[in-house]
Amino acid sequence: MNFMSSFVTFENLHEVRRLCHWGPVIALSVIAICSTMAILDSIIWYWPLDTTGGSINFIMLINWTVLILYNYFNAMFVGPGYIPPGWRPDNQQDTQYLQYCRVCQGYKAPRSHHCRKCNRCVMKMDHHCPWINNCCGHLNHTYFTSFLLLAPLGCSHAAIIFIMTMYTQLYERISFGWSTVKIDMSAVRQFQPLMPFSVPAFAATLFALGLALGTTIAVGMLFFIQMKVILRNKTSIESWIEEKAKDRIQHYQTGEEFIFPYDLGSRWLNFKQVFTWSGRPSGDGIEWPVHPKCHQHTLTIEQLKQKADKRVRSVQYRAIEDYNGACCPLSKGLQTFFRTPCTEEPRIPLNKGDTILATRGTKWWMYGDKVLGEEQLKVGERVRGWFPRRCVEKCHYDTAASDSTSEKKVN
């Protein structure tokens, strides 16, 4: 009992709730289906107790499953690491270079960002992944990337097993005519497998093959995307910040030279920032090794410049129709219904007369912040998200730029 209590704590039990989400349910279902079918088909195709090759094949299959689940659950339950609520830098003068998070009532450390899903400021946040129902960040970046590597490798092995099983089982049951191909599943094979290969088994194997191939392609592409940013010691968010920095400098012709501060100049050194022999990434999640021409707040200062530029460019709109916040509102027209943004970002309900500061949009949808009252701002409330373009109209007198200059820097 004492042994179990050392692992099962209140915090662990709370984290188990992450499994109750469509992302982990689908991911674990795919892993379970592919693994189970691969094991059963291995028994049919290459009985592990007869030959050395069969034993190696079976052991490798079990090994893929264990490694995939190990890295998947670590990515989910270890978590990315969070900035403590109310955090402030040791040197109080550094607060002028940092963004303040009203939700966490503290400053954001370099490379950290506030996640609306987790409701916390995340260390070195890369993105919020629905498949693990958690953020990918400083502490679990190694596990997440390892999972992205192992899943395609395991699924490729499983796909080979599925193909070989169907080939060996159907080879003696297929007969070709002048214009027909006949498959007789009731025909007696020369060598009977330990388990029968019936029509349901064939359908299940074909379905599992589709899952395995789809997973190999989709997750394999994600792995290459992750490795691309890791070898430059970036995150997906920081890549976007760097692109916006170049656009800002080009737009205003400031003549600045932006150097990404965390690229150490060597792919191997950048690689070792995430992958270490101990399994834990380098650093404490607060301070980071930087380029010789940069300092700890080079990127945060650039973020503050981009936030200021964003406030200047925001356009003020007024709601002329009510909107209930539905993801696909049919009442707002077919184009709005079918052109809804394919993102997990929230939709914000609108009442006629609400004021919104829009920062981006498409032909049918817009994204922005709803202007709130003083009491809502004091408690750190912020309402932002997508809304149908037809529900708002542009204000003739746009006060967004003038009003925003007096606001405190927030999320």
Side-chain angles (χ1 to χ4, degrees), residues 17-18 20-27 99 101-104 108 113-122 125-136 236-237 240-241 244 306-307 309-311 313-395 398-400 403-404 407 409-411:
R17 295 173 57 185
R18 292 189 181 277
C20 303
H21 183 264
W22 62 265
V25 169
I26 294 176
Q99 297 181 78
C101 178
R102 286 181 173 174
V103 178
C104 297
K108 299 179 183 179
H113 302 273
H114 186 85
C115 175
R116 292 192 300 270
K117 297 289 185 180
C118 299
N119 203 33
R120 291 286 299 275
C121 285
V122 177
M125 179 177 175
D126 186 90
H127 68 288
H128 184 90
C129 178
W131 305 109
I132 62 173
N133 194 21
N134 206 341
C135 279
C136 173
S236 301
I237 295 177
W240 176 237
I241 293 173
K244 289 194 293 184
Q306 292 180 13
K307 291 289 184 181
D309 183 50
K310 181 179 178 180
R311 289 193 293 270
R313 295 190 186 190
S314 62
V315 180
Q316 185 168 303
Y317 285 81
R318 182 174 61 87
I320 57 175
E321 294 183 19
D322 292 339
Y323 167 56
N324 61 5
C327 181
C328 301
L330 186 59
S331 61
K332 302 304 178 183
L334 291 177
Q335 292 286 3
T336 303
F337 179 82
F338 288 111
R339 300 293 182 89
T340 183
C342 297
T343 173
E344 280 200 333
E345 291 176 314
R347 274 63 169 169
I348 55 174
L350 299 176
N351 294 318
K352 191 174 181 179
D354 286 345
T355 302
I356 309 97
L357 298 180
T359 56
R360 54 191 167 101
T362 65
K363 185 177 180 179
W364 306 102
W365 289 81
M366 301 192 72
Y367 185 92
D369 288 75
K370 184 187 290 188
V371 178
L372 304 176
E374 292 185 2
E375 294 183 359
Q376 293 172 302
L377 293 175
K378 287 181 180 179
V379 298
E381 185 175 351
R382 185 178 186 182
V383 181
R384 61 176 174 176
W386 292 93
F387 53 90
R389 183 181 286 269
R390 62 170 287 176
C391 294
V392 297
E393 67 176 5
K394 185 177 180 180
C395 295
D398 185 5
T399 59
D403 291 345
S404 62
E407 293 183 1
K409 301 177 183 66
V410 294
N411 300 335

Mind checking the NZ-CG spacing from Lys310 to Leu357? Nearest 0.5 Å is all I need.
10.5 Å
Asn133 side chain to Arg18 main-chain N or O, any donor-acceptor pair under 3.5 Å?
yes
Nearest heavy-atom approach of Cys101 to Lys108 is CB-CE, 4.0 Å
Going by the rule side chain to side chain donor-acceptor pair (under 3.5 Å), which residues pair with Thr340 if we only count those two or more places apart in sequence or in a different chain?
Arg347
Nearest non-hydrogen partners of Met366 and Val392, listed with the distance:
SD-CG2, 4.1 Å
For Lys352, what residues pass the side-chain contact (heavy atoms from CB on, under 4.5 Å) criterion, not counting sequence neighbours?
Asp322
CG-CZ distance between Leu372 and Arg382, expressed to the nearest 0.5 angstrom:
9.5 Å
Asn134: which residues meet the side chain to side chain donor-acceptor pair (under 3.5 Å) condition with it, sequence neighbours left out?
Tyr82
Do Ser314 and Thr359 have side-chain heavy atoms sitting under 4.5 Å apart?
yes
The criterion is salt bridge (Lys or Arg N to Asp or Glu O under 4.0 Å); which residues satisfy it with Lys244, sequence neighbours excluded?
none
Taking side-chain contact (heavy atoms from CB on, under 4.5 Å) as the test, write out the residues that go with Asn119, two or more places apart.
Val103, His114
Hey, mind stepping through Lys363 and Arg339 against side-chain contact (heavy atoms from CB on, under 4.5 Å) and telling me if it holds?
CA-CA 9 Å; Lys363 185 177 180 179; Arg339 300 293 182 89; 5.5 Å; no
Sequence neighbours excluded, the answer for side chain to side chain donor-acceptor pair (under 3.5 Å) partners of Glu321 is Lys332
Using the side-chain contact (heavy atoms from CB on, under 4.5 Å) criterion, which residues pair with Cys20? Sequence neighbours excluded.
none
If we only count heavy atoms from C-beta on, is the Trp364 to Arg389 side-chain gap below 4.5 Å?
no
Suppose the criterion is ring pair (Phe, Tyr, Trp, His ring centres under 6.0 Å): which pairs have a residue in residues 318-363, not counting sequence neighbours?
none
His127: partners by ring-ring contact (aromatic ring centres under 6.0 Å, His included), with sequence neighbours left out
Phe144
Drop me the distance from Cys115's SG to Arg120's CZ, to the nearest 0.5 angstrom.
11.0 Å
For Gly361 against Trp386, the heavy-atom pair lying closest together:
CA-CZ3, 4.1 Å
Contacts of type side-chain contact (heavy atoms from CB on, under 4.5 Å), residue Arg116, not counting sequence neighbours:
Glu345, Pro346, Tyr367, Arg384
To the closest 0.5 Å, what do you measure between CD1 (Ile348) and CD1 (Ile356)?
6.0 Å
Is it true that a side-chain atom of Trp365 and a backbone atom of Thr336 form a donor plus acceptor pair closer than 3.5 Å?
yes
Restricting to non-hydrogen atoms, name the atom on Gly333 and the atom on Arg390 that form the minimum distance, rounded to 0.1 Å.
N-NH1, 3.7 Å
Could you tell me the separation between the CG atom of Asn351 and the CG atom of Asn324, rounded to the nearest 0.5 Å?
10.5 Å
Walk me through whether Lys370 and Leu350 qualify under side-chain contact (heavy atoms from CB on, under 4.5 Å).
CA-CA 9 Å; Lys370 184 187 290 188; Leu350 299 176; 4.0 Å; yes
Contacts of Trp131 meeting ring-ring contact (aromatic ring centres under 6.0 Å, His included) (sequence neighbours excluded), chain-then-number -> Trp22
Can you name the salt bridge (Lys or Arg N to Asp or Glu O under 4.0 Å) partners of Arg318, sequence neighbours left out?
Glu393
Pairwise distance CG(Asp126) to NE2(His113) - rounded to 0.5 angstrom
9.5 Å
